[in-house]
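Beneath this line is the structure, given in structure tokens, with notes to follow.
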Protein chains: 2
Amino acid sequence: MKLTTVKEIYKNREQYLDKEVTVGGWVRSVRDSKTFGFIVLHDGSFFETLQVVYHDSMDNFQDISKLNVGAAIIVKGNLVATPQAKQPFEIQAEEIMVEGESAGDYPLQKKRHSLEYLRTISHLRPRTNTFQAVFRVRSLIAYAIHQFFQERGFVYVHTPLITGSDCEGAGEMFRVTTLDMENLPKTEDGKIDYSKDFFKKETNLTVSGQLNGETYAQAFRNIYTFGPTFRAENSNTTRHAAEFWMIEPEMAFADLDDNMALAESMLKYVIGYVLEHAPEEMNFFNSFIDKGLLDRLNHVMTSEFAHVTYTEAIEILEKVNDKFEYKVFWGCDLQTEHERYLTEQVYKRPVFVTDYPKEIKAFYMKQNEDGKTVAAMDCLVPGIGEIIGGSQREDSYEKLKARMDELGLNEEDYGFYLDLRKYGSTRHSGFGLGFERCVMYLTGMQNIRDVIPFPRTVNNCDL
Amino acid sequence: MKLTTVKEIYKNREQYLDKEVTVGGWVRSVRDSKTFGFIVLHDGSFFETLQVVYHDSMDNFQDISKLNVGAAIIVKGNLVATPQAKQPFEIQAEEIMVEGESAGDYPLQKKRHSLEYLRTISHLRPRTNTFQAVFRVRSLIAYAIHQFFQERGFVYVHTPLITGSDCEGAGEMFRVTTLDMENLPKTEDGKIDYSKDFFKKETNLTVSGQLNGETYAQAFRNIYTFGPTFRAENSNTTRHAAEFWMIEPEMAFADLDDNMALAESMLKYVIGYVLEHAPEEMNFFNSFIDKGLLDRLNHVMTSEFAHVTYTEAIEILEKVNDKFEYKVFWGCDLQTEHERYLTEQVYKRPVFVTDYPKEIKAFYMKQNEDGKTVAAMDCLVPGIGEIIGGSQREDSYEKLKARMDELGLNEEDYGFYLDLRKYGSTRHSGFGLGFERCVMYLTGMQNIRDVIPFPRTVNNCDL
């Protein structure tokens, strides 16, 4: 059916004023006096609503006046400017058709509901202002990321979700199986016989696409992944979900400096894209969710990110150790309190911390000449701390092999990964951006459950 | 490091001719005479290669001449036009640095390898011409799909992968669990106690995001999903994978005609995008993989798609029943042979078949007034048959509920879905496009294993 969207009307108002338009949407509120009434209509295409005025000249005036919040209607009428009113224009309805009524027990009323309550109705919460804003911005951020990489010639690689290896051992995994749980096949020595499973072996859900991604960077030079990853960690926090999306670019012929330059320009690009394409939503967040949001994002966009080595950062932090719950020392992992101190108090802008002790970083990171540190980088931003983690990868077969042996990694599982260092190895680098953390950062939302349409967390897998 | 890409040189050659450039890439071949040699270099940024000429004036002339296929090098030199040669230009090398050698047992040699063999080295096959073309085009198709929907204001929704429901019962599912398989917790009556599992219940990998997607369409009007889906079907064919990506748009205030119009314009858009952005790759497919490919795609782009009801289609097909392995009759499901006959022989262009018998379609499809058929549509294209399946959804609470009761579906599992018909229901429609099938269609590749970077099929979960 031919309907004009509310977005189209707002964006090209001149074209529609004093003309007949037909719009479809959902009722946010109805109020009537004896001879006329007002409807606030939202059609999902745009953050703002459209006011509809209707009169008792319509046959179904009474029925319309009785509509409940949430009802779906189609309105035909004239769009007229309303210079004296709060809203810029309204529709003078000639006809209103009821597409679908809304039952009296509709769980969303005009009053403001708590985020906790809205989590219990994840199929309806996208109809509220807050979640309209969150999930439109989430969509725009995803697209901005694709656009950023595609404009620069990066190839989007779909790395696998079901995996037979445990990657870097980065956390607890979910098992994937088709075995009959009530009647598991056993081997002769009484163990479960996974050769009877769907893939003829034990399989899990991936925790990262990086190692697969590297194989494609060694063919396409610049690639990125953007897909779901999983952690079966029993941590019930506002920042952890069992299922979340990650972006992992990887570049051949690129060192740690190239990597940091990419991360910085990507963050700035995404912020710029969202500010340009969702000004209404971003103003809403700034007014109702996080008052400092726009200042913070504008500041990040216009700052040159700072750089500091881990060793220097520790020296800085040790001088103010009394401020911290966890005291820092060379060799410790940085906590959020330390990260935020660095980016908010010391540098007052985003900062890359580089060259971490090898013991606290993954086996594949490039070993520096000092024998103690690796070419890792974390990007810390005001407001949350770490948002991106990456590294230059070890490109020497011998050094990588030695480190794997040291850590007891099974060479068979990583044969393909070692091959990359045997056949045309290049210096190469990449990083990981947790998509949900990025959405939280750009919206000011404080709970990861509120930026995922249907969140999966410990004990929770609804809808 | 600052390197010029081969793509950049090809696209803006005037800017680089007779200037010094530095490129990095992998050796496709080396041949030398006594005083000079040629290297064919590929850098992953572009389908075409770059020729490098080097001379014995270089200190490492001997080392370079001994390089194996696959070695990574960085070349500095002058770009000069070669009007007499096959290639348009070449680099006169002043300096060649070896970034990473390639061991003598490099599995990719200059000869052509079979696709079957290449499947056994999925980490190296993207370095071959065929897979360079396949996976660059795969990336471009993915981006074209995002661009198509974003330009039209559709909101990208990440529907969940781990699910507690079985959606439409659409095929076998993979179980997701963190229970200790060797020591499963039991309830008092001896069953497995899933309340001890990660999500406190049984969970699986999703087979479709549609039902979740519909909840967002009823809030944002137009949405799309683009994510992985899973089937644990024990079918070892060239068209089935256990893990694949799907695109599922859903539109509120949209009927079956709107749905078909969207599908038609999406397919045309994606084909147009790929032909424009990957002409070298598409010519390669047309020459070496599928000789009729470009004609077929151009024909689809410029045709108006045909429309026929299932009932009419059966009448047409029954007249030529002797041509088919499976005889058609009203009520039967269409097989690929029937679909291809319709689109290739009868209409000679893509065709939408609509209004299928309700018994062979899903419970959520809108029931037509005849009481026998539903407002379903399949889009059939020459060369493969069905590429898209969709429908208008049942928007009447009573009819949907009655159909669910008829089929014995558990109302508790679908309460959220019924809610959509209770609170502001709208006519709405959507479809599903199997992403890999789309990639196969646009590249002419015949085996789904050859369009997925790391395919997962029965008994196969490598890397």
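The shown structure was predicted, so the numbers you read here are calculated from the model rather than taken from an experiment. Order of the sequence lines fixes the chain letters, A, B, ..., with proteins taken first and strands second; residue numbering starts at 1 for each chain.
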Under 3.5 Å, is there a donor-acceptor pair linking the side chains of [X] and [Y]?
X      : Y      : answer
A/Q218 : A/S425 : no
B/D197 : B/T177 : yes
B/H428 : B/D395 : no
B/D105 : A/Y423 : yes
B/R127 : B/Y106 : yes

Please determine, among [options], the option with the most heavy-atom pairs under 4.5 Å with chain A.
options                        : answer
B/G24, B/P455, B/S139          : B/S139
B/T203, B/V176, B/L420         : B/V176
B/D462, B/N222, B/V155         : B/V155
B/F199, B/Y397, B/Y156, B/F435 : B/F199
B/P453, B/G70, B/G153, B/S396  : B/P453
B/A217, B/A252, B/G100, B/P126 : B/P126

Engaged part of [X] at the chain A interface, taking heavy atoms whose separation is under 4.5 Å:
X      : result
B/E182 : both
B/K186 : neither
B/D43  : both
B/T128 : neither
B/Y224 : neither
B/R421 : neither
B/A71  : backbone
B/Y417 : neither
B/L205 : side chain
B/E214 : neither
B/T457 : backbone
B/Q132 : both
B/R175 : both
B/A261 : neither

Rounded to the nearest 0.5 Å, what separation is found between the [atom1] atom of [X] and the [atom2] atom of [Y]?
X      : Y      : atom1 : atom2 : answer
B/T229 : A/L161 : OG1   : CG    : 9.5 Å
B/T163 : A/R456 : OG1   : CZ    : 6.0 Å
B/I145 : B/Y273 : CD1   : OH    : 11.5 Å
A/T22  : A/I74  : OG1   : CD1   : 8.5 Å
B/R427 : B/L256 : CZ    : CG    : 13.0 Å

- Quick one: does A/R231's side chain get under 4.5 Å of A/E172's, heavy atoms only? no

Per-residue contact mode, [X] against chain B (heavy atom under 4.5 angstrom):
X      : result
A/S122 : backbone
A/R136 : both
A/F154 : backbone
A/P228 : side chain
A/I73  : backbone
A/T426 : both
A/K191 : both
A/L184 : side chain

In terms of heavy-atom pairs under 4.5 Å with chain B, which of [options] leads?
options                        : answer
A/I452, A/L108, A/V157, A/D419 : A/D419
A/R221, A/H158, A/M251, A/R125 : A/H158
A/L124, A/D255, A/N212         : A/N212
A/V69, A/I162, A/T215, A/N460  : A/I162
A/K2, A/K200, A/K7, A/E243     : A/E243

Angle class for the [X]/[Y] ring planes (parallel below 30°, perpendicular above 60°, tilted otherwise)?
X      : Y      : result
B/H123 : A/F416 : perpendicular
B/F131 : B/F135 : parallel
B/Y143 : A/Y143 : parallel
B/F226 : B/H146 : parallel

- Query: What closest approach, in Å, do A/D258 and A/A254 show between heavy atoms, and which atom pair accounts for it?
  - Reply: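 Looks like OD2-CA, 3.3 Å.
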
- Query: Is it true that B/E101 and A/K422 make a salt bridge, defined as a side-chain N closer than 4.0 Å to a carboxylate O?
  - Reply: no

- Is the gap between the ring centers of A/F174 and B/F198 under 6.0 Å? yes

- Judged by atom type as modelled, is there a donor-acceptor pair below 3.5 Å linking the side chain of B/W26 to the main-chain atoms of A/A219?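 No; judged by distance alone, with no hydrogens or angles, the pair does not exist.
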
